[in-house]
There are 2 protein chains.
Amino acid sequence: MEDHSTLKEELNENLVEFFDRFTSWESSVIESSNLKISDAHAIEILGHYGRMNMKDLAGRLGITTGTTTITVDRLEKGGFAQRVRAEHDRRSYIIELTEEGTQAYEEHHRHHLNLAAEIAELLGDEETRTLIVLLKKINERI
Amino acid sequence: MEDHSTLKEELNENLVEFFDRFTSWESSVIESSNLKISDAHAIEILGHYGRMNMKDLAGRLGITTGTTTITVDRLEKGGFAQRVRAEHDRRSYIIELTEEGTQAYEEHHRHHLNLAAEIAELLGDEETRTLIVLLKKINERI
DNA sequence: TCAAATAGTTTGATGATCTAACAATATGAA
DNA sequence: TTCATATTGTTAGATCATCAAACTATTTGA
C-alpha cells in the first residue's frame with residue numbers, strides 16, 4: 001500500500017510499526033497484571049518517580065486531578081497506594097505505594113527490563129549503544 | 001530516581017521516554033483534528049490499508065466488531081466513510097473512506113511525515129538510515 | 001437440506017476521561 | 001492582620017471507548 005520513496009516515509013513507517021508493537025506489548029503486560037490500565041499507569045509513575053501529591057501525579061499522568069482522585073480511590077481500595085496528609089499544606093495529600101503497590105511496580109518493571117534485554121541481545125552491545133544515542137537525541141528534541 | 005547501571009536499564013529508560021513522547025504527540029495531533037480517537041484510528045487503518053470489511057477492520061484496530069459497528073456508524077454520520085454491500089457475501093459490508101475521509105487521512109499522514117522529517121533532519125541521513133535499520137530489526141522480532 | 005459457522009448489530013455493562021462547581025486551605029497585598 | 005484571590009483536591013454529571021453475550025441474516029459443508 002505504501003511506497004518508501006523517501007527516507008522520511010520509510011522512517012515514518014517503521015516508527016509507526018514500532019509504536020504499534022510497543023503499544024500492544026504494553027497492553028498485554030498490563031492485562032496479565034489484573035490491574036485496570038489507569039491504575040497500572042499510576043503505579044508506574046509512583047514507582048518510577050516516588051511519592052508525590054495529587055496534582056503532580058495528575059500532571060505526570062497527563063490527566064485532570066478529578067480523574068486522578070478516582071484512580072487513587074481505587075488504588076487505595078485495592079491496597080496498592082495510600083494517601084498521607086502533607087505536612088506543610090493541609091489541602092494536600094502525598095500518594096505513596098504500599099508494599100503491595102511496590103511489588104506490582106517491580107513486577108511491571110521486570111517485564112520492561114526483559115523486553116529491553118531481548119532487544120539488547122538482538123542488536124548486540126554496539127548497536128544497542130547506538131540506539132540509545134539516537135533515542136536520546138530524539139527525546140531531547142521531540 | 002533511576003540509575004542506569006546496565007545497558008538494558010538505560011535502553012529501557014529511553015524506550016519508555018520515547019514511547020511516552022510519541023503517545024502525547026499522537027494525542028495532540030488527533031485532538032487538533034476534531035475527530036474522536038477511535039474514529040481517527042479507523043480512518044488511519046482505512047487510509048493505510050484501503051477498504052475492508054467490518055471483521056478485518058476490527059482485527060486491524062484490535063477491538064471487537066461490536067465496537068467497530070459504533071465507530072463506523074459515527075464515521076458514516078460524519079461523512080468520513082461509507083458501508084458498501086459486499087458482492088459475494090450478503091452478510092458483509094465493505095467500509096471505505098469518502099472524499100472527506102480520505103482528506104482527513106491525508107491530513108493526519110502529513111503530520112506523521114512532518115514528524116519523521118523533523119527527526120531525519122535532527123539525525124542527518126547517515127544516522128537516520130541507521131535508525132531505520134535498527135527499528136526494522138526490532139519490529140521483525142518483537 | 002439443515003446444522004453449524006460466520007458477519008455484523010444490539011444491548012447492557014464497566015472504565016477512562018473531561019468540565020464545572022464546590023470545600024478547605026494557603027498566600028499576599030493593603 | 002485581614003480579606004480577596006489562588007490553589008489543592010473532591011464531587012457531580014456528562015461523553016466516549018470498550019467488552020461480552022444474545023441476536024439476525026447469511027453462508028457453508030456434511
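Throughout, protein chains are lettered first and strands after them, A, B, ... in sequence-line order, and every chain is numbered starting at 1.
Ranking C/dT6, C/dT9, C/dA16 by closeness to the B/Thr69 side chain, first place goes to C/dT9. Closest to the A/Asp89 side chain, of the nucleotides D/dA20, C/dT17, C/dA26, is C/dA26. Distance from the side chain of A/Lys55 is smallest for D/dT8 among the nucleotides C/dA26, C/dT6, D/dT8. Side-chain proximity of A/Arg91 to the nucleotides D/dT26, C/dT9, C/dT25 is greatest for C/dT25. Closest contact between the side chain of A/Tyr93 and the listed nucleotides D/dG9, C/dA16, D/dT27 involves D/dG9. Residue B/Asn53 has its side chain nearest to C/dG8 when only C/dT25, D/dT27, C/dG8 are considered. Set against D/dC19, C/dA26, D/dA17, the side chain of B/Ile63 has D/dC19 as its closest nucleotide. Picking from C/dT17, D/dA17, D/dG9 the nucleotide with the shortest atom distance to the side chain of B/Ile37 gives D/dA17.
No engagement by B/Arg85 is indicated, since no non-hydrogen atom pair under 4.0 Å with the nucleic acid exists. Counting any heavy atom pair closer than 4.0 Å across all strands shown, B/Arg83 reaches sugar-phosphate atoms only and no base atom. At a threshold of 4.0 angstrom between heavy atoms, the contacts of B/Thr65 include nucleobase atoms, whether or not backbone atoms are also involved.
Formation of a donor-acceptor pair under 3.5 Å by the B/Thr67 side chain with backbone atoms of B/Ile63 is not found in this model.
Electrostatic pairing of B/Lys137 and A/Glu127 counts as a salt bridge here, judged by a charged N lying under 4.0 Å from a carboxylate O.
Regarding contacts with the backbone of D/dA17, every side-chain N or O of B/Thr67 stays at 4.0 angstrom or more from both OP1 and OP2. Not one side-chain nitrogen or oxygen of B/Arg74 sits closer than 4.0 Å to the OP1 or OP2 atom of D/dC16.
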B/Trp25 vs B/Arg21, side chain to side chain contact (heavy atoms under 4.5 Å, CB included): CA-CA, chis, key distance, verdict: CA-CA 6 Å; B/Trp25 175 85; B/Arg21 287 175 187 278; over 6 Å; no
